[in-house]
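Shown next, in structure tokens, is the structure this report addresses.
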Protein chains: 2
Amino acid sequence: MEAISINKFKGNAMRNRCQWRKRLKGRGYRLTISREAIINALRSTDKHLSAEDIYLTLHSKYPEIGLTTIYRTLELLDQMGIISKFDFGDSRARYELSGDYGNKAHHHHLICTNCLKIIDYTDFIDDELELLNKTQKELSGKYNFDITGHLIRFYGLCDECKEEKNT
Amino acid sequence: MEAISINKFKGNAMRNRCQWRKRLKGRGYRLTISREAIINALRSTDKHLSAEDIYLTLHSKYPEIGLTTIYRTLELLDQMGIISKFDFGDSRARYELSGDYGNKAHHHHLICTNCLKIIDYTDFIDDELELLNKTQKELSGKYNFDITGHLIRFYGLCDECKEEKNT
DNA sequence: ATTTATAATGATAATCATTTTCATTGTATA
DNA sequence: TATACAATGAAAATGATTATCATTATAAAT
């Protein structure tokens, strides 16, 4: 019984590894320990990690992985469209697995301008999609642009920071 | 006749200067030559200038104005809500006069991911406003956020870069 | 006009995230 | 097992932005 479920896990992990290996290989890249670890770090959180966040997260288990490798891998994954790079205004890039690869639904961000807390929201995605399609069609025609992506976000004061201001 | 129109111009510039002086004074700041020059640099373009852009623009006429002052003034104007700071992905901040102070209508940006060309578009602002209001109301309730602003932008390949790819 | 308090400035140095360099190591394939 | 080349880490370089500090400009009061 236990053996079975362990094998299942092993099987899943293996299948996973093979998938990633294939994806990278398609572009002439290799799936290394470092890259796998970085991908897994991003897969196992819903936070928006910076390069240094990832470095620190991995450092106890993989002390060999240097910051440079993190930067290089993030660049690679970004190029491949596997992760998305964001600037939330704290002068460092932050990343999350994008659409197909992540475990989060399509979402946008709600950002506190005071403490930089980030909330992923998924409301009105349908209404939004309608507007986006409409806009996108108009814009691509008018300006002869091939539109490949969009960014929507709201800024404001979060729950806690709002209260702080009243104190 | 000519005298009159010259006086008119002078009068306008003077009125303008007084308005800006008042705005700054309200916060305990002074309207200096540097600050006026920086504001005018922003007022007389529809481009999205970086600190260095402004520095170079002004340098021939005002060689005394240093980069530091540009940064400080931009920070100041941003705090006051007079300009908006953007990151378009070329690792330097870019600025434009915001809403009430600029000569541009409410708009968003269309950004070429290849050459970083930026196009201001004003289409569908009404539809957009409707969606934004709806979303904003929902989000501020759900997450107890005071929403103060939003960002919408589209990414893609511009006219020229599209062709390049085919060559 | 002169004084006075303080805001603004420029030159310079410091920061800090990100990139580059380069010598070394790991890995897939012949 | 040899070969070609991808991947890596350490260290240096880069480049935008910020902090420091001594000096200068300015508004308001005398």
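Per chain, numbering begins at 1; letters A, B, ... match sequence-line order.
Distance CG (B:Leu67) to C1' (D:dG15): 12 Å, rounded to an integer number of Å. Atoms CG (A:Leu74) and C1' (C:dA17) sit 13 Å apart, rounded to a whole Å. The nearest whole Å value for the distance from the CD1 atom in B:Ile70 to the P atom in D:dT17 is 12 Å.
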Step-by-step salt bridge (Lys or Arg N to Asp or Glu O under 4.0 Å) determination, A:Lys104 to A:Asp46: CA-CA 8 Å; A:Lys104 296 195 219 170; A:Asp46 58 353; over 6 Å; no
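A:Glu128 pairs by the salt bridge (Lys or Arg N to Asp or Glu O under 4.0 Å) definition with nothing, not counting sequence neighbours. Taking the side chain to side chain donor-acceptor pair (under 3.5 Å) definition, one finds that B:Lys25 meets it with nothing, sequence neighbours left out.
Applying the side-chain hydrogen bond (donor to acceptor under 3.5 Å, both in side chains) rule to pairs touching residues 78-92 of chain B yields B:Glu75-B:Gln79, B:Asp90-B:Arg94, sequence neighbours excluded.
Between A:Leu139 and A:Ile147 the shortest side-chain heavy-atom distance falls below 4.5 Å.
A 6.0 Å sphere centred on CD of A:Glu64 holds more than 12 heavy atoms belonging to other residues, nucleotides or ligands.
Less than 6.0 angstrom separates the ring centroid of B:His150 from the ring centroid of B:His108. Under the 6.0 Å cut-off for aromatic ring centres, A:Phe86 and A:Phe88 qualify, their centroids lying closer than that.
Between the side chains of B:Asp53 and B:His48, no donor N or O sits under 3.5 Å from an acceptor N or O. In summary, the side chains of B:Glu96 and B:His107 do present a donor paired with an acceptor at a separation below 3.5 Å, with no hydrogens or angles considered.
Sorted by residue number, the list of members of residues 45-65 of chain A with any non-hydrogen atom under 4.0 Å from DNA chain C is empty. Listed by residue number, the members of residues 34-43 of chain A with any heavy atom below 4.0 angstrom from DNA chain D are A:Ser34, A:Arg35.
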Nucleic acid footprint by protein, nucleotides 19-28 of chain D - heavy-atom cut-off 4.0 Å, B for base, S for sugar-phosphate alone: BB----BBSS
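Between A:Tyr71 and C:dT18, a side-chain N or O to OP1/OP2 separation shorter than 4.0 Å is present.
Between B:Arg92 and A:Gly28, it is A:Gly28 whose nearest contact on DNA chain D lies nearer the 5' terminus.
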